[in-house]
Amino acid sequence: MENFPYFNLDPALAQAAERARQRAASQFEKIEATQRWNQQKMLAAFQQARVSESCFAASTGYGYGDRGRDVLDQVYAQAFGAEDALVRYNFVSGTHALTVALFGVLRPGDTVLCATGTPYDTIQGVFGLPGREEPGCLKDFGIVYEQVDLLPDGTPDYEELEREIGPECKMVYIQRSRGYSLRPSLTVAEIEKLAALAKRRAPGCVVMVDNCYGEFIEREEPTARGADLMAGSLIKNPGGGIAPTGGYIAGRRDLVELCSYRLTTPGTGRELGCTLGHSRELFLGAFHAPFAAGEALKTAVFAAALFRELGYPVTPGPEEMRTDIIQAIELGSRERLIAFCRGIQQASPVDAFVAPEPSPMPGYDSDVIMAAGAFTLGSSIELSADAPLREPYAVWMQGGLNFPSGELGVLMAAQAVQALG
């Protein structure tokens with residue numbers, strides 16, 4: 001075929017793809033406008049922080065006086081509209097960055113209230129939710145967890161939050177992204193509204209946001225609109241597909257300082273931590289991040305348009321506003337879910353010959369299947385798809401470093417699903 005000369009795609013599917021592209025065209029224009037805005041913002045952050053080639057030099061041992069490490073913190077703080085940031089390659093995941101922030105700020109006897117219902121699977125063991133009381137969790141340290149469930153439509157229950165948030169609340173925790181659920185992700189405006197409510201009910205509380213998957217999707221981040229603290233992973237949006245590992249914490253300067261004491265030791269905090277030659281990758285990833293996030297978002301919109309064309313429920317829909325890169329598609333059966341993930345894998349640049357299989361995974365209560373033929377293991381900004389093997393057999397797809405490869409991955413997944421009949 002002319003458009004896909006190296007892949008044997010069904011002509012009818014190629015025609016459906018053309019209709020999907022036409023349906024997505026207006027959304028693409030909006031995404032590209034935000035992409036340009038955020039890329040300019042990132043360039044300005046680099047210039048204001050006076051990034052130079054000397055910032056890429058490696059440090060070893062204690063890492064005292066590592067200029068590049070400190071300048072990278074400034075770049076992220078500026079780009080995120082935050083007072084300060086802590087960006088380190090030795091955050092092993094987004095959950096690790098969130099955990100450092102939680103333990104850095106909370107103290108025995110404090111109450112943390114989750115305003116967005118039950119949080120993502122891997123953070124449940126950090127809080128110590130019922131059935132997930134892992135050794136060393138927050139519950140072990142006498143920190144009280146409460147939550148307010150979302151309304152049936154997946155939006156925050158503001159009336160219940162008005163009743164439940166009181167002066168004794170130390171932290172209001174907000175999960176921006178949908179996680180493994182079909183609820184809508186939160187916009188920055190909604191987070192700002194939640195933050196204002198929390199501050200009115202508990203003036204001294206800390207509003208913390210799990211910002212994973214949401215960076216550079218809108219023109220502002222939660223820390224520019226009322227959130228005190230947020231955290232995320234560098235192998236998602238803010239690493240641009242170039243950072244090989246790492247995470248960040250950003251927000252109020254005093255809170256970031258507390259988090260740095262948890263990451264290293266009280267009293268030394270951010271002054272310690274060598275970079276071992278990773279600085280260049282982290283700087284380059286940050287610079288590339290606004291573009292990569294936009295390309296992933298275009299891939300998600302195309303997937304929504306195509307699978308709706310094929311008759312599958314999708315969340316969000318192709319015309320809906322987005323505030324993260326995740327696209328959920330309800331496939332309706334275990335077999336179609338596995339086929340979708342295998343189709344994504346077949347369109348990958350790495351390990352395309354591998355067939356993903358469902359298997360147990362630490363932090364999850366059911367078997368999980370993951371497709372990610374990525375240059376960085378587990379990278380969510382590169383095209384990937386994953387899901388727990390449970391009803392309604394929805395798949396959560398994210399990433400795509402550039403739209404042409406992301407589009408092809410979606411088409412290969414669709415063809416694998418259709419082959420089942």
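Note that the numbering runs from 1 along the sequence shown for the chain. No hydrogens, no waters, no symmetry mates; every other heavy atom, side chains included, goes into these values. Because the structure is a prediction, the values reported are computed rather than measured.
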What pair of heavy atoms forms the shortest contact from Cys212 to Gly94, and how long is it?
SG-CA, 4.2 Å
Is it the case that more than 12 heavy atoms not belonging to Arg201 sit under 6.0 Å from its CZ atom?
yes
Looking at side-chain heavy atoms only, is the closest gap between Glu319 and Arg308 below 4.5 Å?
yes
Between CD1 of Ile249 and CZ of Arg270, what distance do you get to the nearest 0.5 Å?
10.0 Å
Look at atom CZ of Arg50 and say whether more than 12 heavy atoms of other residues, nucleotides or ligands are closer to it than 6.0 Å.
no
Within the side chain of Asp73, is there an N or O that forms a donor-acceptor pair under 3.5 Å with the backbone of Val87?
yes
Can any side-chain N or O of Asp228 pair as donor or acceptor with the backbone N or O of Val207 at less than 3.5 Å?
yes
Are the side chains of Pro238 and Phe216 in touch, meaning some heavy atoms are under 4.5 Å apart?
yes
Give the intermediate values and the outcome of side chain to side chain contact (heavy atoms under 4.5 Å, CB included) for residues Val144 and Val112.
CA-CA 6 Å; Val144 178; Val112 54; over 6 Å; no
Out of curiosity, Gln27 CD to Glu320 CD, how far, rounded to the nearest 0.5 Å?
9.0 Å
What pair of heavy atoms forms the shortest contact from Pro119 to Tyr173, and how long is it?
CB-CE2, 4.5 Å
What is the ring orientation for Phe127 with Tyr145, classed by angle as parallel under 30°, tilted 30 to 60°, or perpendicular over 60°?
tilted
In terms of heavy-atom contacts, Val301 and Pro318 come closest through CG1-O, 3.8 Å
Do side-chain atoms of Gln327 reach the backbone of Pro316 as a donor and acceptor pair under 3.5 angstrom?
yes
Should the pair Tyr76 and Phe80 be assigned to parallel (<30°), tilted (30 to 60°) or perpendicular (>60°) ring geometry?
perpendicular
Counting N and O atoms only, with roles assigned by atom type, does the side chain of Gln35 sit under 3.5 Å from a partner on the main chain of Phe291, one being a donor and the other an acceptor?
yes
For the backbone of Gly273 and the side chain of Arg69, can you confirm whether one donor and one acceptor N or O come within less than 3.5 Å of each other?
yes
Any side-chain heavy atom of Leu194 within less than 4.5 Å of one from Val172?
no
Glu357 bridged to Arg342 by N-O distance under 4.0 Å
yes
Closest heavy-atom pair and its distance - Glu221, Gly214
OE1-O, 4.1 Å
Counting heavy atoms not belonging to Lys170, are there more than 12 under 6.0 Å from its NZ?
yes
Would a distance-only check, ignoring hydrogens and angles, find a side-chain to backbone donor-acceptor pair under 3.5 Å from Trp396 to Leu182?
no
Give a yes or no answer on whether the side chain of Gln175 reaches the backbone of Tyr120 with a donor-acceptor pair at less than 3.5 Å.
yes
Just checking Gln22: does its CD atom have more than 12 heavy atoms from other residues, nucleotides or ligands closer to it than 6.0 angstrom?
yes
Before giving the answer on side chain to side chain contact (heavy atoms under 4.5 Å, CB included), spell out for Ser405 and Leu408 the whole-Å C-alpha distance, their side-chain angles and the decisive distance to 0.1 Å.
CA-CA 5 Å; Ser405 64; Leu408 182 60; 5.7 Å; no
Going by distance alone, is a donor N or O of one side chain under 3.5 Å from an acceptor N or O of the other, for Glu215 and Tyr248?
yes
Atom of Ser279, atom of Cys55 and distance for their closest heavy-atom approach
CB-O, 3.5 Å
Begin with the C-alpha distance, continue with both residues' side-chain angles, and end with the deciding distance and a verdict on side chain to side chain contact (heavy atoms under 4.5 Å, CB included) for Val105 and Cys259.
CA-CA 7 Å; Val105 173; Cys259 295; 4.3 Å; yes
Using a 4.5 Å cut-off on heavy atoms from C-beta on, say whether the side chain of Glu164 contacts that of Gln147.
no
Working to the nearest 0.5 angstrom, can you tell me the gap between Phe283 CZ and Glu53 CD?
12.0 Å
For the side chain of Glu281 and the backbone of Ile242, is there at least one donor-acceptor N/O pair under 3.5 Å apart?
no
Within this structure, what is the CG-CG distance for the pair Leu389 and Leu337, rounded to the nearest 0.5 Å?
5.5 Å
For a quick check under 3.5 Å, do Arg67 and Ser54 share a side-chain donor-acceptor pair by atom type?
yes
Backbone N or O of Glu190 within a donor-acceptor pair of the Thr187 side chain at under 3.5 Å?
yes
Tell me whether the count of non-hydrogen atoms from other residues, nucleotides or ligands lying under 6.0 Å of OH in Tyr62 goes above 12.
no
Could you tell me whether the side chain of Leu186 reaches within less than 4.5 Å of the side chain of Pro156, counting heavy atoms only?
yes
Would you name the heavy atoms of Arg390 and Ser366 that are closest together and state the gap between them?
NH1-OG, 3.7 Å
Rounded to the nearest 0.5 Å, the CG atom of Asp367 sits from the CZ atom of Arg334 at a distance of 7.0 Å
So do Arg178 and Thr315 actually touch side chain to side chain, heavy atoms under 4.5 Å?
yes
Distance in Å, Leu258 CG paired with Arg107 CZ, rounded so as to fall on 0.5 Å steps
6.0 Å
Hydrogens and angles aside, do Thr34 and Glu218 bring a side-chain donor and acceptor to less than 3.5 Å of each other?
no
Evaluate the side-chain proximity of Asp210 to Ile123: yes if any heavy-atom separation is below 4.5 Å, no if none is.
no
Less than 6.0 angstrom separating the ring centers of Phe340 and Phe307, yes or no?
yes
With no hydrogens and no angle check, is any side-chain donor or acceptor of Arg36 less than 3.5 Å from a backbone partner on Ile31?
no
Check whether any side-chain heavy atom of Ile191 sits under 4.5 Å from a side-chain heavy atom of Arg225, and report yes or no.
no
Let's go through Ile326 and Ser177 carefully: what are the C-alpha distance in whole Å and the side-chain angles of both, what is the deciding distance for side chain to side chain contact (heavy atoms under 4.5 Å, CB included) to 0.1 Å, and is it a yes or a no?
CA-CA 8 Å; Ile326 298 175; Ser177 183; 3.1 Å; yes
